[in-house]
Amino acid sequence: MQAFTVKVIELIAQIPKGKVMTYGQIAACAGSPRGARQVARLLHSMSRKHGLPWHRVINAQGKIVLQDEESRFAQLQLLQEEGVEVAQNGIVDLKRYRYDPLK
């Protein structure tokens, strides 16, 4: 496994309940600021294998972006169960809920 992949997995695994990170934020923290799409691919392919809290990863606008309705609903429900407020338009307040692993 490449160093970037390992770091992405570690970062996602440490997102605490009730917090979120963005794809781009994870990519930057893992050493590839332009690697947001790669983070999305890794999340899709490795979440189950590594037991990652996939639902805590959203886009840079704070939005749930999953296309599949079932997955979108699951992510919304899981976030709400952890106390994350999601607006009617599917947006999470990043100022309030963003996790910063560097702090």
Under 4.5 Å between side-chain heavy atoms, counting indirect links through other Ile/Leu/Val/Met/Phe/Trp/Tyr residues: same cluster for Tyr99 and Leu78 or not? yes
Side chains of residues 37-53: which donor-acceptor pairs under 3.5 Å do they make with residues two or more places apart or in other chains?
{"from": "Ser45", "atom 1": "OG", "to": "Arg41", "atom 2": "O", "distance (Å)": "3.0"}
{"from": "Ser45", "atom 1": "OG", "to": "Leu42", "atom 2": "O", "distance (Å)": "3.4"}
{"from": "Ser47", "atom 1": "OG", "to": "Leu43", "atom 2": "O", "distance (Å)": "2.4"}

For Tyr97 and Gly83, work out which heavy atoms get closest and say how close. OH-O, 3.5 Å
Cluster check Val65, Ile15: I/L/V/M/F/W/Y, side chain < 4.5 angstrom: yes
Determine whether Val57 and Leu94 fall in the same hydrophobic cluster, where Ile, Leu, Val, Met, Phe, Trp and Tyr are linked whenever their side-chain heavy atoms lie under 4.5 Å apart. no
Would the distance check show the side chain of Glu10 and the main-chain N or O of Lys7 forming a donor-acceptor pair, the cut-off being under 3.5 Å? no
Distance-minimising heavy-atom pair for Cys29 and Pro101: SG-CG, 3.9 Å
Output every pair passing side chain to side chain donor-acceptor pair (under 3.5 Å) with a member in residues 52-67, not counting sequence neighbours, ordered by first then second residue. His55-Glu82, Arg56-Glu82, Asn59-Gln61
What verdict does the side-chain contact (heavy atoms from CB on, under 4.5 Å) test give for Glu85 and Gln80, after you've listed the backbone C-alpha separation in whole Å, the side-chain angles of each residue and the deciding distance to 0.1 Å? CA-CA 6 Å; Glu85 293 177 22; Gln80 289 175 332; over 6 Å; no
Closest approach of Gln25 to Val20 (non-hydrogen atoms, all atoms of both residues): OE1-O, 4.5 Å
A side-chain contact here means heavy atoms from C-beta on lying under 4.5 Å apart; do Ile26 and Thr22 qualify? no
Quick check: is Val92 connected to Leu76 through a chain of hydrophobic side chains (ILVMFWY, heavy atoms under 4.5 Å apart)? yes
For Asp68, the side-chain hydrogen bond (donor to acceptor under 3.5 Å, both in side chains) test, sequence neighbours excluded, returns Ser71
Distance check, rounded to the nearest 0.5 Å: Ile91 atom CD1 versus Ile64 atom CD1? 10.0 Å
Grouping I, L, V, M, F, W and Y whenever their side-chain heavy atoms are under 4.5 Å apart, do Met21 and Ile12 come out in a common cluster? yes
